Structures are given as C-alpha cells and as structure tokens.
Amino acid sequence: MEQLVIYNTLPRKKEVFKPLVEGNVGLYVCGPTVYSDSHLGHARPNITFDLLFRFLLHKGFKVRYVRNITDVGHLEDEVEGTGEDRITKKARLEKLEPMEVVQKYMNTFHRNMNALNVLPPSIEPRASGHILEQMQMVEEILKNGFAYEAGGSVYFDVEKYNKKYNYGKLSGRNLDDIRTNTRQLDGQDEKKNPFDFALWKKASPEHIMRWPSKWSDGFPGWHLECSAMSTKYLGETFDIHGGGMDLTFPHHECEVAQSTAALGHETVRYWMHNNMITIDGQKMARSLGNFITLDELFSGNHELLEKAYSPMTIRFFILQAHYRSTLDFSNEALQASEKGLDRLMNAIETLDNLQVSEESTIDIFSIKEKCFAALNDDLNSPVAIAHLYDGVKMINSIKAGTEKISADDLEKLKSFYNTMVFDILGLKKEKADAGANDSVLNGAIELLLKLRTEAKVNKNWAMADKIRDELNSIGIEIKDTKEGFEWSLK
RNA sequence: GGUUCCUUGGCCGAGUGGCUAGGCAACGGUCUGCAAAACCGUGUACGGCGGUUCGAAUCCGCCAGGGACCUCCA
C-alpha cells in the first residue's frame, strides 16, 4: 500500500509519515475541557483523528492513541483578578462539586462520541490524575533553569528559553512580534515578562481545586498536562500530536517549549491541526456563544435547526470536507449530506441483492485504488467519498441491468465497501433493517403489500395508492420493482 | 496593528499550470397505471485588475472582501 503523507504544521508542508518505531504509532490528541456540553466544533477533531486512528489501524500499525480530558480548572478571568477557573465557576453556578461537573460533562462527551461512532482512545488520561507527573516536570524545568518561582507560583521563562531554543517555531512567530503584541494583563506583576506562562499557579483562598506542592497549594498550568501525559504514555519522542488549529498558539507552542526545556529536545515528530467549523462564516466556539451542541443537533432542538440530524449525518458532513479547511454549518449543507449518505448506504445494501454474471463490465480496482490514494494524501476523505460515489453509480447500474459484475468482483466490491465505509470512515447503518427485529410487523406489512399487489392486478389504483400512501404516512416507504415491491422503515 | 489563511457554478465542497472531483438542489428524458427509487443527459464556475507562460481557477504583483491566531477556545 502507498505511504501515508500528512501535513506537518511544524515545517508547514506535507511529509511522508514514517513512525519512530516501525509498525507502531504513538498518537496524542488534545481532548476537551469538560465544563459544558460538547458542541459541533468538538466533533471535528474527534472525527478527524478517529479517521486517522482507524486508517492507521487498517494499515496494520499498532497504535497507542492517547486523548486527554482536561478536568483541572485553569484561569479564566485574569483581568478581574478573581482567579476563578471555569470548572469552579460552573460548579458554583450549578451548585455541584467540581468533580461532579467534570463527571457530568465527561459522560455527555463520551455519549456523544459514541453516537458519532468515534472509537475510544487507547488511554484517556485526566489532568487531575497526573498532578504528580506535572509537578515533576515543573521540577525539571526549574532545574534546567527555564523557569522561576514567584509568590508561590512558577512561571516559564520564555526569554531565557528563546536564547537557547526557538520560541514560536510551531506557530510561526518570533519573540519580538509576541513582545509587541501580547496584551498587558493586570495582576501579572509576578511575571518577568507578560508572555511568560504559568507552570504552577498558587490558588487563591476561594479556589476550590487545589493540590499541595512545595511551591504553594495550587494547580498546574494549562499547557503542562499535555506535555506531562504525552511523555508519560508515549515516551520522550513520539509520532503525532493533533488538535484544533486554535490550539497552535499558545497551547501547543508552550507544550513544545516545556517539553524541550524539561527534556532538552523536542518530543513531537508530526503536528497535525484540524480547521474550525464556522457558522455564518465565523468560528463556532463556546466563548462566542454561537455554538450548537451535539445533543441539540441530534434532537433538532435549537432555533437554528430546521430538523434533527442523525449522528452519522454529522459525521458524514464532517468527512465531506478536508480536515484542514473550514467547514461552514448550514441546514442546507447538512441536508445535502443526509441525502447523500442515504444514497451511499442504499447502494451498499443493494450489494447484497445483485445478480452476478460471468464477466464484469466495470473496473472495481481503480475505485479502490483511488480511494486509498486519497486517504494516503493527508486524509483527503472528500476525494475518497467522491470515488465511492462512482461506485454507487456502478452498483445501481448493475442493479438496473446496464452493467454486469462477476461473482468474484462482487465479493471484492462488498469487502471493499465494508472496509472503506464502515471500518475506515467509521460510518454505520442507522436505519432499522426492514422489520428484521419484529416478525409480527414484518408479516403484517407483507400481507398489506400483497393485498396491494392484488389491487394492482385488478387495476384498483385507488386502493393500491391508499395502501402505499398510508403506510408511507406512518413511516414505511414502498418502492415498486420489476419483481414486485420493496419496503423499508424510514 | 502584527502574523497568517481564504475567496470555486443556486448551496456545500475537492482540485491547484493543459486531461474541466463529488454531493445536494434544478431542468429534460427513460422506466412506471401513478409515485418513489434508479439510470441517461444538461449547467463550461473559479473575487477584481494587471503580469509570467504556447497555455492559469492553479504561479507572481496590486486591489477588494472575509476568516483565524495574537486572551479561554476543538
């Protein structure tokens, strides 16, 4: 099979992916901060890297996929100097224990991801469970001279680090630009420079989430957890680190700096960033308040939604755009995905009822080859899907009798669609199989349709149409075929 | 303001020097008692203005519009 090429944010170009240890891949992806419901934007990185995970598995790699849960509160409103973090604040608003908030939204996140058919990662570490590792890393950075203690907090010394290494290399900045553009915040006089960031933060008296340390009762800085946990589970050097583009700076830049400062070398070989989902051309974000939660999408319960959209519609919608492009939300676009997915799935079902011939008049091999070539080219799922539709046309043509397929090719084609659509793209059937789980219903409908066939034989069109229309209105779709009829639950 | 990215037919979205993805919608046809589904056919799109080139949506320059990051963010 061809080699996988991925776009690496660090050199800003596509590179052939070669794992550090042959046959094995270490993958780390920034997971959610669990303080509110997951929204459409969160679906993107999870589906993107789920595709990567599945594709790597398909290629035969042994993958350790680590995706963290951020459940340690971090400073939210430094301007006001309250020092209150998101999780603590939410806990007060909802009168819950902080860990209760964490559990609640983590459960929702898992439920939503499961609905989207996102495979669970190999390890899902929580920041709160790795305070020790984070403190050890602070210790290392202090020892190496790239951090300083001030008033019970520990800050990363960006200027000093930049003299030896290059702060800004990932996000394409240099320290002079950052210096002139960093907002001057209040209550930061402890820092030598405004762009220094906290490794350990002393907790204010009202701050609930806190851990004892040699510096103070406090909590780790936000960027630290990913450095500490990726190193712990994937080693001092690992293959791929993923996350949303909005995390490139400062989060990932700080991660690079911390890891380098602690270990003396960089840890990540390939950085991958997915683009944002937009709404009216603007990024969908919790902070902007323009988000639609996944539960709202699944239920249709939101003023911007014309209807409910199934999890697979959402997944397909996301896969129909390249992960490095922005993707604009709209009802029209979602409905187009819904119908398109339906057509794809119908064609796959048709594969089970095709007549085989001696010879094939179609070329199934080229579709397969093109699909894999597309995915190998930086996970170009939209192009792979486009080729799948060429196959849909073939399948329907075979059914219509204008093309032929041999038994051998049919088996290959089925196997390919199963692998590509279900295993790699991670789509699944959502429609109930026709009455399969209810033989009574099954029999009743068959009976009605036989009566309808009789009515048709007698040219009693009114009766035939009545049966069809009324079954239709209760959610059963009737299609007449040459052989008689087909029906399915809508 | 700094850095950076984008602008493709009615909508969503690939592509990125010549071979004019794909989906949805629309129109015409085939099939059908009608319908649905399916199939066949139809649309010559690349923000504007210059330049490079035999040839540009694709490269370069300028202009216009929009976004992202610079603060928490997927």
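Quick caveat: nothing in here was measured; it's all calculated off a predicted structure. In the text below, chain A, chain B and the rest are named by the order of the sequence lines, each starting its count at 1.
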Please confirm whether any donor atom in the side chain of A:D480 sits under 3.5 Å from an acceptor in the base of B:rC34, or the reverse. yes

C1' gap between B:rC62 and B:rG55, integer Å: 23 Å

Whether A:T326 contacts B:rC5 is assessed here as follows: a side-chain N or O lying under 4.0 Å from the phosphate OP1 or OP2. Is that the case? no

Any side-chain donor paired with an acceptor under 3.5 Å for A:R67 and A:N46? yes

Does A:N396 place a side-chain N or O at less than 4.0 Å from the phosphate oxygens OP1/OP2 of B:rC39? yes

Spacing of the C1' atoms in B:rC46 and B:rG13 (rounded, Å): 13 Å

What about the rings of A:Y161 and A:F156, do their centers lie closer together than 6.0 Å? yes

With P as the reference atom in both, quote the distance from B:rU4 to B:rA74 in angstrom, rounded to an integer. 26 Å

Would A:R44 count as a cation-pi partner of A:Y323, with NZ or CZ less than 6.0 Å from the six-membered ring centre and within 45° of the ring normal? no

Please classify the nucleic acid contact of A:S325 as base, sugar-phosphate, or nothing, using heavy-atom distances under 4.0 Å. sugar-phosphate

Distance check needed: B:rC39 P versus A:K479 NZ, whole Å only. 11 Å

Is it the case that the base of B:rA35 and the side chain of A:R468 share a donor-acceptor contact (distance under 3.5 Å, atom types as modelled)? yes

Calculate, to the nearest 0.5 Å, the distance between atoms CG and CD belonging to A:N331 and A:E338 respectively. 10.5 Å

Quote, to the nearest angstrom, the C1' distance that separates B:rC31 from B:rG41. 15 Å

Determine whether the aromatic ring centres of residues A:H302 and A:F291 are separated by less than 6.0 angstrom. no

Measuring to OP1 and OP2 of B:rU3, would you say a side-chain N or O of A:R179 lies under 4.0 angstrom away? no

If the C1' atom of B:rA36 is compared with that of B:rG22, how far apart are they to the nearest Å? 24 Å

Any side-chain N or O of A:R343 below 4.0 angstrom from OP1/OP2 of B:rA37? no

Distance below 4.0 Å between A:N380 side-chain N/O and B:rG15 OP1 or OP2: yes

Does NZ or CZ of A:K307 fall inside the cone over A:Y309's six-membered ring, less than 6.0 Å from its centre and within 45° of the axis? yes

Can you find a side chain N or O atom of A:K393 that sits less than 4.0 Å from OP1 or OP2 on B:rG22? no

Please classify the nucleic acid contact of A:A333 as base, sugar-phosphate, or nothing, using heavy-atom distances under 4.0 Å. sugar-phosphate

Using a distance-only test with no angle check, is there a side-chain donor-acceptor pair under 3.5 angstrom linking A:Q258 and A:S227? yes

Rounded to the nearest angstrom, tell me the gap between atom CD1 in A:I178 and atom P in B:rU4. 13 Å

A:D328 (side chain) and B:rG13 (base): donor-acceptor pair under 3.5 Å: no

Interatomic distance at C1', B:rU71 relative to B:rA14, whole Å: 35 Å

Dot-bracket, 5' to 3', for RNA chain B please: Watson-Crick or G-U pairs under 3.5 Å, [ ] where pairs cross earlier ones, | where the partner sits on another strand, dots elsewhere. ((((((((.[[[)....(...]]].(((((.......)))))....[[[[[..)....]]]]])))))))....

Distance-only polar pair, side chains of A:H273 and A:T9, donor-acceptor under 3.5 Å: yes

Looking only at atom P, what distance separates B:rG47 and B:rC11, rounded to whole Å? 14 Å

So, OP1 or OP2 of B:rA25: does either fall under 4.0 Å of a side-chain N or O from A:K339? yes

Do any side-chain nitrogens or oxygens of A:R173 fall under 4.0 Å of OP1 or OP2 in B:rC69? no

Rounding to the closest angstrom, what is the interatomic distance between B:rA21 and B:rU32 at atom C1'? 33 Å

